[in-house]
J.: 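Take a look at the following structure, please.
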Amino acid sequence: MDKAYPFNEIDPKWQKYWKDNKCFAVDTKDTAKKFYCLMMFPYPSAALHVGHGRNYIIGDVVARYKKMQGYNVLAPMGWDAFGLPAENAAIKNNIHPRISTMNNIATMKKQLGAWGVCYDWSREVASCMPDYYKWTQWIFLQLYKKGLAYKKKASVNWCSSCATVLANEQVVDGKCERCSTEVEQKDLEQWFFKITDYAERLLTDLNKLKNWPERVKTMQANWIGKSVGVEIHFPIEGTEKQLTCFTTRVDTIFGATYMVLAAEHPDVPELIKDAKNKNEILDFIDEVRHENKESRLKDTLEKKGVFTGRYVINPVNGKKIPLWIANYVLMNYGTGAVMAVPTHDQRDFEFAAKYKLEKIVVIDDPKFSLDAQLMKEAYEKQGILVNSQQFNGMNNKEAMEKIADWMEEKGIGKRSIQFKLRDWLISRQRYWGAPIPMVYCEKCGIVPVKEEELPVLLPETVEFKPTGESPLKGNSDFVNTTCPNCKGKAKREIDTMDTFVDSSWYFLRYISPKNKELPFVKEDVDKWLPVDQYIGGVEHAILHLLYSRFITKVLCDMEHIGFDEPFKNLFTQGMIIKDGFKMSKSKGNVVAPDPLIEKYGADTVRVYTLFIGPPEKDAEWEDRAVEGSYRFLARVWRLVEALVEQNKTSVVPSKEITSLKRKTHQTIKKVTYCIEDGFRCNTAISGIMELVNDIYTCKDDTDITEAVHTTVLLLYPFAPHVCDEMWSMLGNERDLLKQKWPKYDEDIAKETEITMPVQIKGKLRTKVQVAPGIDESSLKELVLNDEKTKNWIEGKQIIKWIIVPDKMVNIIIKD
RNA sequence: GCGGGCGUGGCGAAAUUGGCAGACGCGCUAGACUUAGGAUCUAGUGAGGUGACUCGUGGGGGUUCAAGUCCCUUCGCCCGCACCA
C-alpha cells in the first residue's frame, strides 16, 4: 500500500505534543463553562480490542469538540483495578495481583495513547491503591454510621471454584459469571448495604434524568420492581400465630384454596415440629435448598411441594385451607408466603393440578362463564367478580380497591408496597479488594475502625489458594489487632469489598485525586458535578449506575455533597460485533487495534470506528472496510499538500457566494447538528466526505482554501493527529484544540434554488427548479408549464393542489 | 411468559421525524493517467424494461393527497428481566 500520508511520523509527533503541553490538564478551580466528560473507567485486563475503543474514541471526540467550543473540559481516566481476574491469575501463575494489575494498566495506557485518546493523566486514579481505597473504606464507614451497612446471615450463591460468594446478579445461567462453575448455596455472615431504604427514591428520581436513554431507565425501574398490593394475615389453625402474605391480586382473595411457604421460611421448623410426615418434609426442604437459586427461577422448573399437615384460615371468609411448602416460592420476594389462587394464577394452576387441590373461579370472563373443572389454564385477565360475597358483580379493578378498603377497616390486611430490589451484598471472601474496616472485639463486639486510622492496608503477603475463607485469614499480622474502643485484643474483618463499591464513587475522586485529608472537597465537587456527559457500555445499565446513584444519594443525605444524582447526561454506546457475535476472547473474534494502527495510523482506526454506524447501536466490524477511512484521510491530505505547493494557504474572503462556499457552510451546520444530536459521528463524517468530494470536483477554485480550512477544523475531533499536522501546514498557529469550532452563516448556507418534486396523484412524475420561498401562484404556473406535467394532466380535471412550501407539490386530478 | 429494540441494495448503512427511498463508505463495472496498478482521478452501480414506464424498505391489511416512518395483523432476529406472589 502506498503511504499517501506519513501517519507514522505524524501520530507520535502530535501525541508527544499533547502530552508535553498538557493539552488536557484542567484547573478545577476554574469552573467557568465547565464540562465534566467522563468515560467509564476500565478494569485492567490483558489488552483492549476495537470494541473497547469505541467508548474511548467517542469520549475523546466529545472532549475535543467541547474544548473547541470553549468549555473547560475535565476528562479524567483511571482504573477499576480490584477484582477477581487478577486474583485468579495469581492462583494460576503465582504472580501477585498488584504486579499483573500494574502491568495491565501500563499496556492499556499505551493502547489508549496509540488511539490518540487524551486525558488529564495527572488525575489518574487506581482503585487498588491505598490512597484511593482509604476513601472507599471511609465510604463504608459513612454507611455504617448511618445504619446502612449491616451484617446478616444469608443464603448466598457459592462458587466452589473461586471459593467465593457471588451476588445473585453475578450468577449467569446458574453459573459463576467469572469462571462458569456451577453455583451452589451456602450460608455465610455477610455485610450488606441497605439500598432498599432508597428504593422509592432511586425509582422516582429516574424522572429527573431527562437525558438518560429510555431503555436504561426502564431497565432500572424494572430492577427496582415496585409493586403495590395488600398484606394479608392468615391465622394458623390451632395456634395463636398467623402467616402474612403479600399479593398484588387482592381481588382474587376469595379464590385462595391453599397457601404455600418457601422452604427457607423462618416459621417452617416450628410449624412442622409435630407433623406426621416430618421426615418427608425435611427431605423435601433439603432437596429444594440444594437446587441453586438460578434454576429455581426458571419457568422450566418442575413445581414440587409437600403438605405440612397444617391449615390456615382465609380471613375474608373463614375458609380452612391447607398449608404447603413448595419449590416455586422464594424467601427473597415478598414475605415468603403466597396465597394460592389456582384459577387465576398459572403457577398455582399447575401446582394445584399436580396435587389435586381445590379450584374456585372468582373472576369470571365477561364473554363466557368459566368452569373451574374445565379450565385448561389460569384466567389472568380482567373480569367480573363471582363467589366473592358482597363484591360479586364488580369488575376486578374496582374490587381491588374496595376489598383493600374493607380489609383495612376490618384489620385483616393492609395496603403495602413491595420492591424487587434487594440489599446489596458487599462482602467478598477474597484478597484483591478493599478490606472492610471493621474489628471484632471480645468485649465490645463489632467496632468500626476510626476514620483517622484509615486506610486498613491490604497486606502484601498472603496465600492465594482459596480455602473458602478470605486469604487474609492466614496473615496473623493483619488479623490480630487492638480494639479501637477498649484497646483490648481484637480481630479484623477478613472480607474485602465488592468492586462495585470502588466504582460507585470514583467520579468524585477525580476532582481532587491527590487530597490526603479528604476523599473530595465538597465545594469543588459541588461545582463540577453532576457529570455533564457520562459515556459507557449498556452492560452497566443496572448495577454500576444504580449503585453509583445510591452512594451519591447517601452522601448527599449526610451533607458530604450537595447533589443527589451523579450523572446528568448518559450515553450508552452499542457493542462492536464481529462475525455475528460480541467480541470476546473465548469466541476468538477479537480485533486488536495495534496492527491496524500500525498499518493505517490512529486516525484511520478512529474514523472507521466512528463511521461504522450509529454509536448507540451495535455494529458489525469489517476489516476490509477500514481502508475506506484511510483513503478519505489521504484524500484530505492531498488537498492540503496541493494548497501548500501552490502557495494558496491563506483564506481570501470572497464577496459572492460560490456553490462551494455554500456547501462549506452547510457542512458546518450538518456536522455540528450531528454531534449535538446524539454524537452521530457516522453522519457527521459522511457530511465531511461530501464536502471533500465537492472540493475535488468543483470547477471554480475561489473558495477552496476556505473549504479546506473548514474541513480540517470539522474533522479534527475525529482525526486529531492528521488535522493538527495539516493545520500547521496551512500556516496556522499550532494546536487545533485552541481553535474555535467553526460557525456557519445561515444566509450563505441557504440554497438559492430548490429542486421541487412534482407528484401527480401521489406519484413522483417530474421535478421543477424553483427559488426558495416561491409564492403559490408562481409555483403553480411553473409546474403547469412543465412539459411532463402537461402530458400527465392533459384533458383531466385538477381537483386539488397540495403544496408543502419549499418541499413538494402534489396535484390531484380526476381521471 | 413479560418488557425493550430491530428488520431498507451484494455488504456497513442514510433518510433533517409523514413529503424525491438508498446520502456516505465498502465491493463491483468502465474510462483516464501510467512500464505497471491492489495507487490516484473521473463516471456508473436497487430490480425489471430498448424505452415511456413499472416494481421496490420481512409478509398481509389499513389510515392519508402522500407511509421505511403512523395503526392493525403476521413472520423472523437481537437485548434485558423472569415462578416478583
Side-chain angles (χ1 to χ4, degrees), chain A residues 1-4 213-216 218-219 221-223 225-227 229 245-249 252 260 262 294 296-301 303 326-330 332-341 345-348 350-351 380 418-421 538-539 541-542 574-575 577 580 582 607-608 611-614 617-629 631-632 634-635 638 669-670 673-674 677 680 682-690 692-693 696-697 755-767 788 791 799-804 806-813:
Chain A
M1 189 188 62
D2 178 36
K3 283 194 174 60
E214 277 312 313
R215 60 176 168 163
V216 173
T218 307
M219 280 159 87
N222 289 342
W223 188 265
K226 180 178 177 174
S227 55
C245 77
F246 173 79
T247 180
T248 54
R249 290 296 307 273
T252 64
V260 191
E294 197 65 22
R296 278 178 74 185
L297 294 172
K298 288 243 162 70
D299 54 2
T300 48
L301 177 80
K303 290 169 185 58
N327 62 347
Y328 75 99
V329 171
L330 293 164
N332 285 334
Y333 301 118
T335 61
V338 175
M339 65 170 217
V341 184
D345 182 295
Q346 188 58 26
R347 294 154 296 162
D348 299 341
E350 287 167 29
F351 190 82
E380 293 179 335
Q418 291 278 332
F419 292 96
K420 186 181 114 185
L421 184 69
V538 74
E539 68 273 18
I542 298 174
M575 281 184 298
I577 304 292
K582 178 184 173 169
V607 168
Y608 177 67
F611 188 62
I612 192 166
K617 285 197 188 147
D618 294 352
E620 174 80 29
W621 182 276
E622 203 183 341
D623 280 326
R624 195 170 63 162
V626 176
E627 189 128 352
S629 298
R631 284 208 284 259
F632 165 62
R635 229 163 118 80
R638 281 192 296 274
K669 186 177 179 180
K670 177 173 180 175
Y673 174 71
C674 288
D677 184 37
R680 291 180 300 136
N682 54 332
T683 45
I685 292 168
S686 77
I688 303 172
M689 285 172 169
E690 278 184 64
V692 171
N693 289 345
Y696 265 84
T697 51
T755 306
M756 177 101 64
V758 177
Q759 296 181 353
I760 296 178
K761 284 181 77 182
K763 285 213 181 267
L764 178 70
R765 292 306 179 193
T766 183
K767 290 172 184 179
K788 278 194 172 177
N791 286 339
I799 302 168
K800 197 178 173 187
W801 287 81
I802 290 154
I803 297 168
V804 183
D806 294 350
K807 273 271 163 71
M808 49 77 65
V809 178
N810 191 2
I811 306 170
I812 313 301
I813 53 169

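The chains referred to below are lettered A, B, ... by the order of the sequence lines, with proteins before strands, and numbering in each begins at 1.
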J.: For Lys807(A), what residues pass the side chain to side chain donor-acceptor pair (under 3.5 Å) criterion, not counting sequence neighbours?
T.: none
J.: Looking only at the side chain of Glu690(A) (C-beta and beyond, no hydrogens), which of the listed nucleotides A85(B), G27(B), A23(B) gets closest?
T.: A23(B)
J.: Just confirming the chi classification of U69(B), syn or anti, using 90° around 0 as the syn window.
T.: anti
J.: A14(B) C1' sits how many Å from Met689(A) CE, rounded?
T.: 13 Å
J.: Provide the distance between the two P atoms, one in G10(B) and one in C65(B), to the nearest whole Å.
T.: 34 Å
J.: Looking for any heavy atom pair under 4.0 Å, which part of the strands does Asp345(A) touch: base, sugar-phosphate only, or nothing?
T.: nothing
J.: Using the C1' atom on both, measure G7(B) against G68(B) and round to a whole Å.
T.: 11 Å
J.: Please report the distance separating the C1' of G76(B) from the corresponding atom of G58(B), rounded so that it comes out in whole Å.
T.: 7 Å
J.: My understanding is that a pair needs two contacts under 3.5 Å, Watson-Crick or G-U wobble. By that rule, which nucleotide pairs with G38(B)?
T.: none
J.: So how far is it from Met756(A) CE to Met808(A) CE, rounded to the nearest 0.5 Å?
T.: 9.0 Å
J.: Please report the shortest heavy-atom distance between Asn682(A) and Gly613(A), naming the atom on each side.
T.: ND2-C, 3.5 Å
J.: Find which nucleotide of RNA chain B each of Thr248(A) and Phe632(A) is nearest to by heavy atoms, and output the residue with the more 5' nucleotide.
T.: Phe632(A)
J.: The side chain of Pro614(A) is closest to which nucleotide in this list: A14(B), G19(B), C41(B)?
T.: A14(B)
J.: Provide the Watson-Crick or G-U wobble partner of G56(B), both distances under 3.5 Å; none if there is no partner.
T.: none
J.: Work out how far the P atom of C78(B) is from that of A66(B), and round it to whole angstrom.
T.: 37 Å
J.: Strictly by Watson-Crick or wobble contacts shorter than 3.5 Å, is anything paired with U69(B), and which nucleotide is it?
T.: none
J.: Glu350(A) CD to G1(B) P: how many Å, rounded?
T.: 13 Å
J.: Nearest to the side chain of Thr697(A), which nucleotide is it out of A85(B), A15(B), A43(B)?
T.: A43(B)
J.: I'd like to know if the side chain of Tyr608(A) reaches the main chain of Glu622(A), judged simply by a donor and an acceptor atom lying under 3.5 Å from each other, with no hydrogens or angles considered.
T.: yes
J.: Asn682(A) side chain: which of A85(B), A14(B), G19(B) is closest?
T.: A14(B)
J.: Taking C-beta and beyond as the side chain, do Thr335(A) and Cys245(A) meet within less than 4.5 Å on heavy atoms?
T.: yes
J.: Quick one: look up who G3(B) pairs with, Watson-Crick or G-U, both distances under 3.5 Å, and put none if it's unpaired.
T.: C79(B)
J.: Strictly under 4.0 angstrom, non-hydrogen atoms only: write out the protein contact profile of nucleotides 62-68 of chain B, one letter per nucleotide from the 5' end, B, S or -.
T.: ---B---
J.: Starting from P on A23(B), measure out to CD1 on Ile688(A) and report it in whole angstrom.
T.: 19 Å
J.: With C1' as the reference atom in both, quote the distance from C20(B) to A14(B) in angstrom, rounded to an integer.
T.: 14 Å
J.: Taking A47(B) as the reference, what is the distance to A32(B) when you measure between their P atoms (whole Å, please)?
T.: 25 Å
J.: Which pairs, protein N/O on one side and nucleotides 54-56 of chain B N/O on the other, fall under 3.5 Å?
T.:
unit_1, atom_1, unit_2, atom_2, d
U54(B), OP1, Arg765(A), NH1, 3.3
U54(B), OP1, Arg765(A), NH2, 3.2
U54(B), OP2, Arg765(A), NH1, 3.0

J.: Would you indicate whether the side-chain heavy atoms of Arg635(A) and Asn693(A) approach each other to under 4.5 Å?
T.: yes
J.: Could you check how far CZ of Arg631(A) sits from P of C24(B), rounded to whole Å?
T.: 15 Å
J.: Between atom CG in Asn693(A) and atom C1' in G25(B), what is the gap in whole Å?
T.: 10 Å
J.: Which nucleotide in the set A15(B), C81(B), A85(B) lies at the smallest distance from any side-chain heavy atom of Arg680(A)?
T.: A15(B)
J.: Which one, C20(B), C24(B), A14(B), comes nearest to the side chain of Ser686(A)?
T.: C24(B)
J.: When we call it a touch if two heavy atoms are under 4.0 Å apart, what does Gly628(A) touch: a base, just sugar-phosphate, or nothing?
T.: sugar-phosphate
J.: When the P atoms of A67(B) and C55(B) are compared, how many Å lie between them, rounded to an integer?
T.: 13 Å
J.: Looking at residues at least two apart in the chain, or sitting in another chain, which of them share a side-chain contact (heavy atoms from CB on, under 4.5 Å) with Thr247(A)?
T.: Ile232(A), Arg249(A), Val250(A), Met339(A)
J.: Starting at the 5' end of RNA chain B, which residue's closest nucleotide do you reach first, Lys807(A) or Phe246(A)?
T.: Lys807(A)
J.: Protein-nucleotides 44-50 of chain B N/O pairs closer than 3.5 Å?
T.:
none

J.: With syn defined as a glycosidic torsion within 90 degrees of 0 and anti otherwise, which applies to G61(B)?
T.: anti
J.: Sort out the partner of C24(B) for me: Watson-Crick or G-U wobble, both distances under 3.5 Å, none otherwise.
T.: G12(B)
J.: Below 4.5 Å, heavy atoms only, C-beta onward: do Asn810(A) and Trp801(A) meet side chain to side chain?
T.: no
J.: For the residue pair Ser686(A) and Lys670(A), what are the closest heavy atoms and their distance?
T.: OG-NZ, 3.9 Å
J.: Partner lookup for U64(B), please. Criteria are Watson-Crick or G-U wobble with both distances under 3.5 angstrom; report none if nothing qualifies.
T.: none
J.: Just checking Asp677(A): base, sugar-phosphate only, or nothing, at a heavy-atom cut-off of under 4.0 Å?
T.: nothing
J.: Mind calculating the distance between OH (Tyr696(A)) and C1' (U40(B)) to the nearest angstrom?
T.: 9 Å
J.: Between Thr683(A), Val626(A), Ile685(A), which is the residue that forms a side-chain contact (heavy atoms from CB on, under 4.5 Å) with Phe611(A)?
T.: Ile685(A)
J.: Can you tell me how far C1' of U16(B) sits from NZ of Lys669(A), to the nearest Å?
T.: 9 Å
J.: Between U63(B) and C72(B), how far is it from one P atom to the other, in whole Å?
T.: 15 Å
J.: Report the base-pairing partner of A43(B) (Watson-Crick or G-U wobble, both distances below 3.5 angstrom), or none.
T.: U29(B)
J.: Could you list, one pair per line, each protein nitrogen or oxygen that sits under 3.5 Å from a nitrogen or oxygen of nucleotides 10-12 of chain B, together with the distance?
T.:
unit_1, atom_1, unit_2, atom_2, d
G12(B), O2', Ile612(A), O, 2.9

J.: Can you measure Trp621(A) atom CH2 to C26(B) atom P for me and round it to whole angstrom units?
T.: 15 Å
